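These values consider heavy atoms only, across backbone and side chains, with no hydrogens, waters or symmetry-generated copies. What you see is a predicted model, and the numbers here were worked out from it, not measured in a lab.
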Amino acid sequence: MTRPLKVGFILPQIEGRRAGSAPRWSEIRAMAERAEEIGFDSLWVVDHLLYGFGPDDPPRGVWEGWSLLSALAAVTTKPELGTLVVCTGFRNPALLAKMADTVDEISNGRLILGLGAGYYEREYSAFGFPYDHRFSRFEEALRIICGLLRDGQVDFEGRFYQARNCELRPRGPRPQGLPIMVGTRGEKMLRLTAELADAW
């Protein structure tokens, strides 16, 4: 019998008020294994490079999400694994699709790819990523990612990103694509989500 709803667990990755207080991998792994044992349906990680809780709060450190996600895919077997949400501005979109398909392979088809445009300008500037034209950059990235994950190929020439005659090979366990979720608000982003994503 299936339950009427799914229950997920966001794993902690962020420092507390003092530097160096982020949980270690051994602790994160133990939490994930316990969550799987209890029966959580999904495990989630955030995708930040620095994290701010407000304008007066100094930035906090955070473990890189894709590295954690890959490790979680290898040490768990049942729960879905997801990103809340990957900032497309931090990685080339064709490479991001390749990474997602690889993690989906490691996890045996359990990945939910949550995507977003990002919002915390301080982490963009600290790590040298452009913060301008976030909607336009996100739209181009999403079109490349969707094309690669769903069709296995894309030929795209945009203002910000290019993926010319790009192929996704080998393919992971879901050749028709894994679920793409967009975390957003705002009319333009919601229209784009309705057009291209599987979940919001």
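- The distance from atom OH of Tyr51 to atom CZ of Arg60, rounded to the nearest 0.5 Å, is 9.5 Å.
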| request: Show your working on side-chain hydrogen bond (donor to acceptor under 3.5 Å, both in side chains) between Thr77 and Arg110 and close with a plain yes or no. | output: CA-CA 9 Å; Thr77 59; Arg110 293 183 288 133; over 6 Å; no

- Query: Checking side-chain contact (heavy atoms from CB on, under 4.5 Å) for the pair Leu142/Leu192: CA distance, chi angles, key distance, verdict?
  - Reply: CA-CA 9 Å; Leu142 186 60; Leu192 189 62; 3.9 Å; yes

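- Both Leu11 and Phe40 sit in one connected hydrophobic cluster of ILVMFWY residues. Membership requires side-chain heavy atoms under 4.5 Å apart, directly or through other members.
- A 6.0 Å sphere centred on CH2 of Trp25 holds more than 12 heavy atoms belonging to other residues, nucleotides or ligands.
- To the nearest 0.5 Å, atoms CE (Met99) and CG (Leu113) are separated by 10.0 Å.
- If you take CD1 on Ile14 and CG on Leu50, they are separated by 10.5 Å, rounding to the nearest 0.5 Å.
- At a threshold of 4.5 Å between non-hydrogen side-chain atoms, the residues Thr88 and Ile145 count as touching.
- Between Glu33 and Arg29 there is a salt bridge, with a side-chain nitrogen of the basic residue lying less than 4.0 Å from a carboxylate oxygen of the acidic one.
- No side-chain heavy atom of Phe156 sits less than 4.5 Å from a side-chain heavy atom of Gln162.
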- Query: Would Leu69 and Trp44 satisfy side-chain contact (heavy atoms from CB on, under 4.5 Å), going step by step from the backbone distance to the final call?
  - Reply: CA-CA 8 Å; Leu69 200 62; Trp44 299 84; over 6 Å; no

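- Scanning all heavy atoms of the two residues, the minimum distance from Trp200 to Thr184 falls at NE1-O, 3.0 Å.
- Cluster membership check: Phe138 shares its hydrophobic cluster with Val154, using side-chain heavy-atom separations under 4.5 Å among Ile, Leu, Val, Met, Phe, Trp and Tyr.
- More than 12 non-hydrogen atoms from other residues, nucleotides or ligands lie less than 6.0 angstrom from CG of Asp151.
- The main-chain N or O of Arg137 is never found under 3.5 Å from a side-chain atom of Glu140 such that the two would form a donor-acceptor pair.
- When atom types are taken as modelled, the side chain of Asp104 and the backbone of Leu111 share a donor-acceptor pair closer than 3.5 angstrom.
- In the hydrophobic clustering of this structure, Val62 does not group with Ile28; members are Ile, Leu, Val, Met, Phe, Trp, Tyr whose side-chain heavy atoms approach within less than 4.5 Å, directly or through other members.
- How far CZ of Phe9 is from CE of Met31: 6.5 Å, rounded to the nearest 0.5 Å.
- Without hydrogens or angle criteria, Asn165 side chain to Asp155 main chain gives no donor-acceptor distance under 3.5 Å.
- How far CD of Glu121 is from CG of Asp132: 10.0 Å, rounded to the nearest 0.5 Å.
- The hydrophobic cluster containing Leu96 also contains Leu68, counting ILVMFWY residues as joined when their side-chain heavy atoms lie under 4.5 angstrom apart, directly or transitively.
- Between Arg24 and Glu27 there is no salt bridge, since no side-chain nitrogen of the basic residue lies less than 4.0 Å from a carboxylate oxygen of the acidic one.
- A single hydrophobic cluster is not seen to contain both Ile112 and Ile106; linkage of ILVMFWY side chains at heavy-atom distances under 4.5 Å, directly or through other members, places them apart.
- The shortest non-hydrogen separation linking Pro79 to Glu36 is CD-OE2, 3.3 Å.
- Between the OG atom of Ser125 and the OH atom of Tyr131 there is a distance of 9.5 Å, given to the nearest 0.5 Å.
- Heavy atoms of other residues, nucleotides or ligands lying less than 6.0 angstrom from CD of Glu157 number more than 12.
- Looking at Tyr120 and Pro59, their side chains come closer than 4.5 Å, going by heavy atoms from C-beta outward.
- Nearest approach of Pro173 to Asn108, heavy atoms of both residues: CG-C, 4.0 Å.
- A donor-acceptor contact closer than 3.5 angstrom links the side chains of Ser67 and Glu64.
- Between Leu115 and Ile180 the shortest side-chain heavy-atom distance falls below 4.5 Å.
- When all heavy atoms of Asp198 and Arg150 are compared, the closest pair comes out as OD2-NH2, 3.0 Å.
- Of the candidates Tyr124, Tyr119, Trp63, Tyr119 is the only one forming a ring pair (Phe, Tyr, Trp, His ring centres under 6.0 Å) with His48.
- Side chains of Lys78 and Leu43 form no contact here, defined as non-hydrogen atoms less than 4.5 Å apart.
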ask   = Please walk me through it: do Val45 and Thr83 pass side-chain contact (heavy atoms from CB on, under 4.5 Å)?
value = CA-CA 5 Å; Val45 298; Thr83 54; 4.2 Å; yes

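- The backbone N or O of Val7 sits less than 3.5 Å from a side-chain atom of Asp41, completing a donor-acceptor pair.
- Arg143 has its side chain out of reach of Tyr161: every pair of non-hydrogen atoms, C-beta onward, lies at least 4.5 Å apart.
- When the shell of 6.0 Å around CZ of Arg169 is examined, it contains 12 or fewer heavy atoms from other residues, nucleotides or ligands.
- A distance-only check finds a donor-acceptor pair linking the side chain of Glu15 to the backbone of Gly61 [under 3.5 Å].
- Of the possible donor and acceptor atoms, one in the side chain of Gln13 sits under 3.5 Å from a partner among the backbone N and O of Val46.
- Annotation: side chain of Leu149 is not in contact with side chain of Gln176 (no heavy-atom distance under 4.5 Å).
- Ion pairing between Glu105 and Arg171 fails under the 4.0 Å rule for side-chain N and carboxylate O.
- When all heavy atoms of Leu72 and Ala32 are compared, the closest pair comes out as CD2-CB, 3.5 Å.
- Of the possible polar contacts, none joining the Ser42 side chain to the Leu81 backbone as a donor-acceptor pair under 3.5 Å is found.
- Nearest approach of Cys166 to Leu148, heavy atoms of both residues: O-CD2, 3.7 Å.
- Electrostatic pairing of Arg134 and Glu139 does not count as a salt bridge here, judged by no charged N lying under 4.0 Å from a carboxylate O.
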